[in-house]
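Read the numbers this way: they start at 1 and go in the same order the structure lists the ligands and their atoms.
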Amino acid sequence: MQTNFTLAQLADTDLNEANSILRACVHCGFCNATCPTYLLLGDELDGPRGRIYLIKDMLENNKPATALVAKHIDRCLSCLACMTTCPSGVHYAHLIDQGRRHVEETYRRPRFDRVLRAVLAWVLPYPERFRRMLLAERLARPFAFLLPRKLQAMARLTPRRLPPPGLVDESRVFPAEGKRLKRVALLAGCVQKVLSPAIDDATLRLLTRHGCEVVLAPGSGCCGSIIHHMGRDAHEFARANIDAWTAEIERGGLDAIIVNASGCGATIKDYGYMLRADRDYAAKAAKTSALAKDVSEFMATLGLKPAAIMTGQRVAYHAACSLQHGQRITAQPKELLAKAGFKVMDVPEGHVCCGSAGTYNMLQPELAGALLARKIKNIESLKPEIVAAGNIGCITQIAGGTGVPVVHTVELLDWATGGPKPTALN
Ligand code: SF4
Ligand code: SF4
């Protein structure tokens, strides 16, 4: 694609990067074929190629975003199916990040949207605030029908019962069972440890059972992806995690930083890029990104112990976009589940997002609902006994649309190798 940035613009690191990304695009439109929003709406501006043109126009001409541009950029799920499909290697993820930032900086959204986004950004990355908000929401639930549509969508996603805090609520070290083979850090995270602490507990048991000493580093918390995908600056979250893990590296060394929410993993693997222009953090950020591993990716290299029980249950494996497109991890979770004795089935149209996408299901409830309905139809066509996924967002979204129990892949691996049966299966 021809671009027309001035030399002065190209002196800017971000615009220079945008220029390189845009120039790789040959506007073939192959990416439209796998884009969920193009699939639903059939509008060129709701596909990756159209969005690329919108972003190019804003950045090249330094134009403020209009309501129309914001609408089409906001409808993007950042699922990155387009990156998997693109034959020219266009790095759409880094371009849409710039596009979102530009919209955030130059467009004034309607008041309700501004407040809703501000509240989500203020609450979700902080577990204590999120826990309190969920408790307040439970009191208000009988009046949910009085709420605007977007708030009703939020209410539908909150759990009926708030689980008690799990093991990762405090910074500490969990010793390896038997001989220590690896020393790893586990991302403490934010939303997941409130909604489903059982996932972190299962991860801790699985890792320690396989000879890993697991560190919950003081100062590590939200990875920043929630606000990053809203076009806001997430660098402070990244720096806090990098500082926490760098201190651990200096204290006892780390073989890996384990992430069990693939949306967070994709962001942490991008810290090196996010902070590439920060003199104090660029090297540490690159090191952090290199150490970051999805739990399934790590377990595949470590090797799963023989299963203690082989249930042979039919598991529909839902590939989270941030795992399959964002991190290009596709085979490992399925191979681990098969080794653990489950009959693993691929969900038809597996490349299409379930509609969760961070805060998307709250900010774009209609589109998210249409994608969820499509996903549920595809999942239920397999007649599974269990659905497994590697991302809390997908788990919450899918569980809201089906009676089939939805669990994290690690909960099944933990169960099969000696842990308790996941509560959702009881
Ligand atoms: S598939 Fe790649 S090269 Fe083709 S239009 Fe889409 S982003 Fe551009
Ligand atoms: S990230 Fe997903 S929704 Fe956005 S343009 Fe690409 S394929 Fe479409």
Exercise. Heavy-atom distances under 4.0 Å are what count here, so tell me which part of Tyr92 touches ligand 2: side chain, backbone, both or neither.
Key: side chain
Practice problem: Would you mind listing which atoms of ligand 1 come within a distance below 4.0 Å of any non-hydrogen atom of Ile52? | Solution: 7 (S)
Quiz item: Under 4.0 Å between a Lys/Arg side-chain N and an Asp/Glu carboxylate O for Lys334 and Asp346?
Solution: yes
Practice problem: Name all residues meeting the ring pair (Phe, Tyr, Trp, His ring centres under 6.0 Å) criterion together with His94; count only those two or more places apart in sequence or in a different chain, and write none if there are none. | Solution: His91, Tyr273
Quiz item: Heavy atoms only: which of Cys82, Ser78, Cys76, Gly326 is nearest to atom 6 (Fe) of ligand 2?
Solution: Cys82
Quiz item: Is the NZ atom of Lys284 crowded by more than 12 outside heavy atoms at less than 6.0 Å?
Solution: yes
Quiz prompt | Those atoms of ligand 2 less than 4.0 Å from some heavy atom in Cys35 | solution = 3 (S), 5 (S), 7 (S), 8 (Fe)
Exercise. For Leu80, counting its heavy atoms only, list the atoms of ligand 2 lying under 4.0 Å from any of them.
Key: 1 (S), 2 (Fe)
Quiz item: Heavy atom under 4.0 Å from ligand 1: found in Thr85's side chain, backbone, both, or neither?
Solution: neither
Quiz item: Which atoms of ligand 2 are found less than 4.0 Å from any heavy atom of Arg51?
Solution: 3 (S), 4 (Fe), 5 (S), 8 (Fe)
Quiz prompt | Asp414 side, atom CG; Leu204 side, atom CG - distance, nearest 0.5 Å | solution = 9.5 Å
Quiz item: Would you call Asp43-Lys71 a salt bridge at under 4.0 Å N-O?
Solution: no
Self-check item: Lys56 NZ/CZ over Tyr53 ring centroid, <6.0 Å and within 45° of normal
Solution: no
Quiz item: Has the side chain of His408 got a donor or acceptor atom that lies under 3.5 Å from a matching backbone atom of Ala202?
Solution: no
Quiz item: When you measure from atom 3 (S) of ligand 2 to every protein heavy atom, which one gives the shortest distance, and what is it?
Solution: Leu77 N, 3.4 Å
Quiz item: Under 2.8 Å from atom 4 (Fe) of ligand 1, protein N/O/S atom count?
Solution: 1
Quiz item: Which heavy-atom pair separates Gly355 from Ala368 by the least distance, and what is that distance?
Solution: O-CB, 3.3 Å
Quiz item: Would Asp200 and Gln192 count as having a side-chain donor-acceptor pair, cut-off 3.5 Å?
Solution: yes
Quiz prompt | Minimum-distance protein heavy atom relative to atom 2 (Fe) of ligand 2 | solution = Cys79 SG, 2.3 Å
Self-check item: Trace of the side-chain contact (heavy atoms from CB on, under 4.5 Å) decision for Asp97 with His229
Solution: CA-CA 7 Å; Asp97 285 349; His229 292 307; 4.3 Å; yes
